[in-house]
Amino acid sequence: MSTTSAGAFDRLMQEAEALASEDSRDEIVGTFYRTTRSICEESVTYQTQAGRSEKLDAVLTSPVWGFPMMLAMLGVVIYMTIAGANIPSDMLASLFGAGEEVLTLAFQAVGAPDWLYGVLVLGLYRGTSWVVSVMLPPMLIFFPVFALLENFGYLPRVAFNMDRLFKRSGGHGKQSLTMAMGFGCNAAAIVSTRIIESPRERMLAILTNNFVPCNGRWPMLIMLSSLFMAAGFAGGWQTLATAAVVMGMVLIGIAVTLIVSWTLSRTALRGVPTHYTLELPPYRRPKVWNTIVRATMDKSVFVLKRAVKVAAPAGVLTWILANIHWGGSSVLEHIIGFLDPFAYTLGLDGTILMAFILGLPANEIVLPILLMGYLSTGAMTEVNDLASLKQVFIDHGWTWLTALNVMLFSLLHYPCGTTLYTIYKETRSPKWTFFAAVIPTLIAVGVTFTVAQMVRGFGWV
Amino acid sequence: MTVESYRIALAGNPNTGKSTLFNLLTGLRQHTGNWPGKTVLRAEGSFTYRSRNFQVIDLPGTYSLYSNSADEETARDYIIFEKPDVTVVVLDATALERNLNLALQVMEMTDRVIVCVNLIDEAKRKGIVVDDRKMAARLGVPVVKISARNQEGVDALLDTVFRMVTGEMKARPVQVRYSAATENKISRLVPRIQSLIGPDVPARWIALRMLDGDRSLLDSLKAHWMSRGKGDGEVEHDISRSV
Amino acid sequence: MVRGKVVPFSDMPEGVSARIVRLDVEGTMRRRLLDLGFIPGAVIEVLRKSPLGDPTAFRVSHTTIALRREESSKIFGEVIGG
């Protein structure tokens, strides 16, 4: 392109600028909007009536009921997920157990070598079936229920109610919307932070999104609270108590999000919240069946596929580490032994810490790796139900403090590999991706250390 | 030449059910990615109607196209530079006053526009009556009332799209009339713009944005224009001819 | 609220309707507000405040838009009812 035509364009722009004035700008905009209004007045008629949305908002965003209703919604979603997932999870687990027996017989029949049986059945098959039976049922409930709430139009109300908290902490009002996405999947939520235009506030939302427990962490939070925290309750109360503990974790996550946002806004990401407008669209009755089908197809199947893809090799790797011996004990035992002293100061143990480290690719596999770690070092127990599962933990020295700190560590630690990769792709910054891993990790270590020292100091365990 | 393929762009405010329409049209024949060089989601899909192929591009949901954000720039650049065969502006029937702004903006940019009034079921329940004939007469473009979630009116929409892309139907978007002083300035700029960039650009719209002082648009216009002309010497009028 | 008085929208209690007189906002935010229907001459109703006191939801051209005090204090309206 010749410089003459580029120059001609610049000249024309300058000329136009000379023609333009503040008045002409306002005139253009004003005429434009007056035109649309007059078209509407001619072609649209309204029969005034108090809207359904107004009445609902009077409750859902009221000074008295706004926050209780928000907590209640969160509680109901968590309760439904826990209560509904229990039985199918057990069913899936026993189905996979039966499958394992068949596979075992088949391997014996063809006289397959022990190592092959170990890698494929005890490693790959067990790891994968654990992930599927633990993750699939809660997901099949959580995603559709959440999508219904989303399509109903409730999420912008959450942003409306919580706005002031985020403003005070220096974040964007829409940060709560991206957090809501995080309940499903943190990686997807990182992409959703695009709705925040200011780079500073978007970075805050990215760096703190991990404090919302994602679908890969729900199952472990649910399982540990029901085994250790709600153990004293019977029947329906147990589910309720479990839900209460899980909800407590979510609230801790939100509090940490606000604190971290506040701190970053006054240090590395200094600045004031930018202007923004939030639309509260009318509530719409969701197409229930469509929503459920779409949530299942788009979200559940997608997340499960990803989890299985990571879980299968991780299962194999764990089995291999547990079965390669060197100097009298397995590689796995060496790693565990190495991590143990530090892990103890956090109220955890070496196996737990190793599970979190090996679980970097996906949070879903932390629990299966943990169990494989325990089962491969101790006597091989068949884990068929939750009671025997609890026994495995107790045999390895777990107390309620261990369970609590595993939950806290899971809630607060570094994002999974997929999320970190997404953060890198979205920010194009190795530095901020590094911070996205380090900040949560330091917080996770700090919090679990403090809790462990306090609980032990007071002699509560 | 085998089967012809047409490009439909879906534009609209957020929360107008644009994605519902997109899903309904394309079903599982869709894929997502990023717009080149932008962190803005690009959703694309395709369908076949009366043995023609249609490619649907779901533009980001925006309140306007005045380059307030990356989303708006993306949507605006697509309509201006990629020139889809038809742009369907999806409006929320329950908030037409605000939604129509976008339709009028698109109508200043291209004459291949169809206005699609969605959520008509919702409007009916709220006692809102939309006179589509009167609206079409005022706008000079086809107006189709639909309910994407109930799959109502989609046939009529597709028929309208079909007739527009095949040239059977032509829209004559009515332009917003500004004050005499402004119109005077516009008419001074339009011939200059046409001789500089070519006849197939929305010169009136560019003139308005120049008077508006929309720097980011003018910069991207210049950038686009220069990259298109790369290597073909000095002839200014050539630029619009080829691509 | 006294009818006919010109005050910023941030000072109007819930339930009040007012006609926009002017916007003391410039640049992108002005554009955005105009896009949303906060146009001089338009009638806006103050719907309700967030449970924590801010932002406030407004009824504007048949939609509901929430603005923080930072913005609503720069939009002035003439009270017409409520």
Side-chain angles (χ1 to χ4, degrees), chain B residues 11-17 60-73 75-76 89-106 108 117-120 122-130 135 176 178-179 208-209 211-219, chain C residues 8-10 12 14-50 54-82:
Chain B
N13 281 192
N15 303 308
T16 51
T62 58
Y63 291 118
S64 82
L65 296 168
Y66 288 136
S67 67
N68 284 328
S69 65
D71 282 355
E72 294 183 18
E73 271 170 40
R76 184 201 64 202
V89 187
V90 184
L91 310 182
D92 176 352
T94 65
L96 275 173
E97 201 170 307
R98 185 187 73 203
N99 277 246
L100 262 178
N101 286 329
L102 189 76
L104 261 72
Q105 286 177 27
V106 175
E108 281 185 338
V117 181
N118 190 25
L119 297 164
I120 204 72
E122 197 86 17
K124 209 172 286 169
R125 216 179 24 246
K126 287 189 172 173
I128 301 167
V129 183
V130 181
M135 191 177 275
V176 174
Y178 300 95
S179 71
L208 279 162
R209 298 293 75 82
L211 294 172
D212 234 12
D214 189 343
R215 284 261 23 144
S216 99
L217 163 77
L218 300 170
D219 287 343
Chain C
F9 275 87
S10 53
M12 294 179 201
E14 295 175 14
V16 164
S17 292
R19 188 182 307 278
I20 296 186
V21 176
R22 65 172 200 279
L23 282 74
D24 285 357
V25 194
E26 284 312 314
T28 313
M29 192 60 195
R30 183 185 177 87
R31 247 284 125 82
R32 172 57 52 83
L33 288 172
L34 292 167
D35 286 344
L36 292 172
F38 291 90
I39 309 153
V43 174
I44 309 291
E45 185 191 345
V46 184
L47 287 179
R48 67 181 56 80
K49 289 184 192 312
S50 156
D54 197 53
T56 302
F58 297 96
R59 191 93 189 131
V60 46
S61 58
H62 304 284
T63 60
T64 306
I65 304 289
L67 298 179
R68 284 176 173 171
R69 163 167 282 277
E70 281 78 354
E71 279 74 58
S72 58
S73 64
K74 292 176 188 140
I75 305 173
F76 293 84
E78 180 188 355
V79 177
I80 56 173

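The sequence lines fix the lettering, A, B, ..., with proteins before strands; numbering per chain opens at 1. Remember, it's a predicted structure, so these values are computed and weren't measured experimentally.
If you tally non-hydrogen atom pairs under 4.5 Å between each of Leu34(C), Leu36(C), Val60(C) and chain B, the highest count goes to Leu36(C).
Proximity to chain C (any heavy atom under 4.5 Å) is shown, for Asn99(B), by neither the backbone nor the side chain. For Ile39(C), no part lies near chain B; criterion is any non-hydrogen pair under 4.5 Å. For Thr94(B), the part lying near chain C is the backbone, with the side chain staying farther off; criterion is any non-hydrogen pair under 4.5 Å.
A pairwise comparison of heavy atoms in Pro14(B) and Tyr63(B) identifies CD-CE2, 3.7 Å as the closest pair.
At a cut-off of 3.5 Å, with distance as the only test, no side-chain donor of Arg48(C) or Thr56(C) sits close to an acceptor on the other residue.
Here OG of Ser61(C) is found 8.0 Å from CG of Asn101(B). Values are rounded to the nearest 0.5 Å. Taken to the nearest 0.5 Å, the CD atom of Glu122(B) stands 9.0 Å off from the CD1 atom of Ile128(B).
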